[in-house]
Amino acid sequence: MTKYLQIICLFIFFNSILYSQTGKIQFGHLTREDGLSEGSAWCILQDSKGFLWIGTADGLNRYDGYQFKIFRNIPNDLNSISNSQVLSILEDNYGTLWIGTDGGGLNKFNSEKENFTRYLHNPDDSNSISDNAVWSIYEDRLGILWIGTFGGGLNKFDRSKEQFISYVHSADSPKSLSFNTVVSVYEDTKRNLWIATLGGGLNLLTLSERKKTNPDFIHFRHGPNDSRSISSDHVSRVYEDRNGVIWVGTLGEGLNQLAWEDEDKLKATFIHHKNQPD
């Protein structure tokens with residue numbers, strides 16, 4: 001999986017933004033010399049208590065404005081974070097922190113004891129998380145957690161039962177998830193769930209389908225001979241703006257603006273916005 005980590009945006013973390021007399025923005029840097037565990041920050045989140053959490057290749061960092069506390073995997077300690085390579089972080093509506101790792105599955109942070117509950121893939125348990133590389137964590141308006149994985153597709157987490165329902169690509173099922181590498185999930189104002197895959201284009205799961213045991217996914221794939229199709233099957237992000245327009249980011253093929261051709265039938269075309277070289 002290491003080669004795919006090169007496509008993850010690296011964040012430059014800063015502790016203050018200072019304005020000079022000329023009006024230019026200046027950045028203060030926090031590095032390993034300041035206590036950050038590793039120089040590559042893969043994800044960052046400010047929680048409801050004001051702490052900043054930074055996921056790195058060498059641990060989960062918590063910053064209180066003065067110093068860092070680092071949470072790393074400790075061999076033989078099942079209450080430590082399951083893997084020190086942190087790919088994703090989410091704080092849910094209950095104030096609980098969820099951490100996705102590269103190889104250690106999903107972790108829940110227990111704030112009182114400052115330890116972790118692990119959710120790992122178990123090939124003998126169909127209700128376990130489908131893959132141990134967790135690239136994205138998303139909470140929808142119903143409070144459901146959706147987990148995107150590197151090779152195990154999309155997971156729906158039932159917190160009351162502590163069980164996962166996985167949705168994966170199947171060559172025998174044309175309405176299954178289009179690809180098993182899920183890099184991000186997003187819910188729009190109409191409660192459609194958009195799933196970005198790295199190799200299978202964009203997937204759409206409506207609210208009514210999400211309630212089914214075996215939902216049908218709508219696929220938006222790149223067509224080499226169709227200029228109105230999505231510009232790439234390598235989709236990184238989805239976002240809805242204040243006007244209700246869906247924007248789709250791709251890897252290497254620019255930004256796409258979704259235009260509904262027939263929204264009732266979930267048919268759409270895409271307007272491409274690409275860099276024009278001089």
Exercise for review: Look at the side chain of Arg228 and the backbone N and O of Ala268, then say whether any donor-acceptor pair between them is shorter than 3.5 Å.
Suggested key: no
Review point. Would you call Glu91-Lys49 a salt bridge at under 4.0 Å N-O?
Key: no
**Study point:** Beyond-backbone contact of Lys190 with Glu263, side-chain heavy atoms, under 4.5 angstrom
**Key:** yes
Check your understanding: With no hydrogens and no angle check, is any side-chain donor or acceptor of Thr181 less than 3.5 Å from a backbone partner on Phe150?
Key -> yes
Review point. Can Asp140 and Arg191 be counted as an ion pair, charged N to O under 4.0 angstrom?
Key: no
Review point. Mind checking whether Val248 and Arg237 have side chains closer than 4.5 Å, heavy atoms only?
Key: no
Exercise for review: Answer yes or no: is there a donor N or O on one side and an acceptor on the other, between the side chain of Asn243 and the main chain of Val245, under 3.5 Å?
Suggested key: no
Review point. Are His234 and Thr250 close enough, and set up right, to give a side-chain contact (heavy atoms from CB on, under 4.5 Å), and what steps lead you there?
Key: CA-CA 6 Å; His234 295 275; Thr250 68; 5.8 Å; no
Revision key, fill the gap. Here the gap from Asp64 atom CG to Leu52 atom CG, rounded to the nearest 0.5 Å, amounts to 9.5 Å
**Study point:** Nearest-0.5 Å distance that lies between atom CG in Asn79 and atom CD1 in Ile74
**Key:** 9.5 Å
Review point. Is the backbone N or O of Asp188 less than 3.5 Å from a side-chain atom of Arg141, with the two atoms forming a donor-acceptor pair by type?
Key: yes
Check your understanding: Say you draw a straight line from CG of Leu78 to OG1 of Thr117; how long is it, rounded to the nearest 0.5 Å?
Key -> 11.0 Å
Review point. Within the side chain of Thr56, is there an N or O that forms a donor-acceptor pair under 3.5 Å with the backbone of Ala41?
Key: no
Practice item. Could you verify whether a donor N or O on one side chain and an acceptor N or O on the other, from Asn107 and Ser82, lie under 3.5 Å apart? Key: yes
Practice item. Taking all non-hydrogen atoms of both residues into account, name the closest pair between Ile89 and Gly55 and its distance. Key: CD1-N, 3.8 Å
**Study point:** Within the 6.0 Å centroid threshold, strictly below: Trp53 and Tyr63
**Key:** no
Practice item. Spell out, as yes or no, whether a donor-acceptor pair under 3.5 Å connects the side chain of Asn61 to the backbone of Gly59. Key: yes
Practice item. Dump the intermediate steps for side-chain hydrogen bond (donor to acceptor under 3.5 Å, both in side chains) on Asp92 and Trp98, then the final yes or no. Key: CA-CA 8 Å; Asp92 67 19; Trp98 299 86; 2.9 Å; yes
Check your understanding: Looking at CG of Leu142 and CG of Asn93, how far apart are the two atoms once the value is rounded to the nearest 0.5 Å?
Key -> 11.0 Å
Check your understanding: Can you tell me if Asn115 and Asn110 form a side-chain donor-acceptor pair at under 3.5 Å?
Key -> yes
Check your understanding: Would you say the side chains of Asn155 and Trp146 form a donor-acceptor pair under 3.5 Å?
Key -> no
Point to revise | CG-CD distance between Leu266 and Glu261, expressed to the nearest 0.5 angstrom | key: 12.0 Å
Revision key, fill the gap. Here the pair of heavy atoms bringing Glu240 nearest to Ile246 is CB-CD1, 3.6 Å
Point to revise | Shortest non-hydrogen contact from Ser178 toward Asn203 | key: OG-ND2, 2.6 Å
Exercise for review: Might you work through the side-chain contact (heavy atoms from CB on, under 4.5 Å) test for Leu120 and Asn132, ending with a clear yes or no?
Suggested key: CA-CA 6 Å; Leu120 298 167; Asn132 283 330; 3.9 Å; yes
Point to revise | Residue pair His273 / Gln257, side-chain donor-acceptor N/O under 3.5 Å | key: yes
Exercise for review: Could you state whether Val238 and Tyr167 fall into the same hydrophobic cluster, counting links through intermediate Ile, Leu, Val, Met, Phe, Trp or Tyr residues with side-chain heavy atoms under 4.5 angstrom apart?
Suggested key: yes
Practice item. Say whether Asn256 and Trp247, considering side chains only, have a donor N or O and an acceptor N or O under 3.5 Å apart. Key: no
Study note, to complete from the structure: CG of Asp233 to CD of Glu253, rounded to nearest 0.5 Å, is 10.5 Å
Practice item. Determine whether Phe109 and Leu45 fall in the same hydrophobic cluster, where Ile, Leu, Val, Met, Phe, Trp and Tyr are linked whenever their side-chain heavy atoms lie under 4.5 Å apart. Key: yes
Review point. Does the side chain of Ser231 reach to within under 4.5 Å of the side chain of Lys274, using non-hydrogen atoms?
Key: yes
**Study point:** Single hit among Ile99, Leu90, Leu87, Val86 for side-chain contact (heavy atoms from CB on, under 4.5 Å) with Cys43
**Key:** Val86
Practice item. Indicate whether any N or O donor in one side chain lies under 3.5 Å from an N or O acceptor in the other, for Thr206 and Asn192. Key: no
Check your understanding: So with a 6.0 Å cut-off around CZ of Arg159, is the heavy-atom count from everything else above 12?
Key -> yes
Review point. Which is it for Ile147 and Phe164 under the side-chain contact (heavy atoms from CB on, under 4.5 Å) test, yes or no, and what are the steps along the way?
Key: CA-CA 9 Å; Ile147 317 299; Phe164 295 85; 4.3 Å; yes
Exercise for review: Indicate yes or no for a side-chain donor-acceptor contact from Ser128 to the backbone of Asn122 under 3.5 Å, with no hydrogens or angles considered.
Suggested key: yes
**Study point:** Short N-O contact, Asp47 and Arg62, less than 4.0 angstrom
**Key:** no
Check your understanding: Quick one: does His169's side chain have a donor or acceptor within less than 3.5 Å of a partner on Leu177's backbone?
Key -> yes
Check your understanding: Which heavy-atom pair separates Trp260 from Lys267 by the least distance, and what is that distance?
Key -> CE3-O, 3.4 Å
Point to revise | Leu204 reachable from Val235 in the ILVMFWY side-chain graph, under 4.5 Å edges | key: yes
Check your understanding: Between the main-chain N or O of Ser170 and the side-chain N or O of Ser173, is there a donor-acceptor pair closer than 3.5 Å?
Key -> no
Check your understanding: Do the charged groups of Lys175 and Glu209 touch, with an N to O distance under 4.0 Å?
Key -> no
Check your understanding: For the residue pair Phe270 and Ile230, what are the closest heavy atoms and their distance?
Key -> CD1-N, 3.4 Å
Exercise for review: Verify the distance criterion only: is there a donor paired with an acceptor across the side chains of Arg242 and Thr189 at less than 3.5 Å?
Suggested key: no
Check your understanding: Looking only at heavy atoms, what is the nearest atom pair of Trp135 and Ser88, with distance?
Key -> O-CB, 3.5 Å
Check your understanding: Are any of the side-chain nitrogens in Lys69 or Glu114 under 4.0 Å away from the carboxylate oxygens of its partner?
Key -> yes
Exercise for review: Scan Ile70, Asn73, Thr101, Ile81 and name whichever one has a side-chain contact (heavy atoms from CB on, under 4.5 Å) with Leu60.
Suggested key: Ile81
Point to revise | Heavy-atom donor-acceptor pair, Tyr119 side chain to Gly104 backbone, under 3.5 Å | key: no
Point to revise | Criterion side-chain contact (heavy atoms from CB on, under 4.5 Å) on Ser232 and His222, from CA distance to verdict | key: CA-CA 5 Å; Ser232 173; His222 172 63; 5.5 Å; no
Review point. Are Leu202 and Phe217 joined in one hydrophobic group, where the rule is that I, L, V, M, F, W and Y side chains link up if heavy atoms are under 4.5 Å apart?
Key: yes
Review point. Judged by modelled atom types alone, do Ser84 and Asp58 share a side-chain donor-acceptor pair under 3.5 Å?
Key: no
Point to revise | Residue pair Ile165 / Phe157, side-chain heavy-atom distance below 4.5 Å | key: no
Point to revise | Side chains of Ser160 and Asp158, donor plus acceptor under 3.5 Å | key: yes
Practice item. Determine, using the 4.5 Å side-chain heavy-atom cutoff (strictly less than), whether Phe179 and Phe220 are members of one ILVMFWY cluster. Key: no
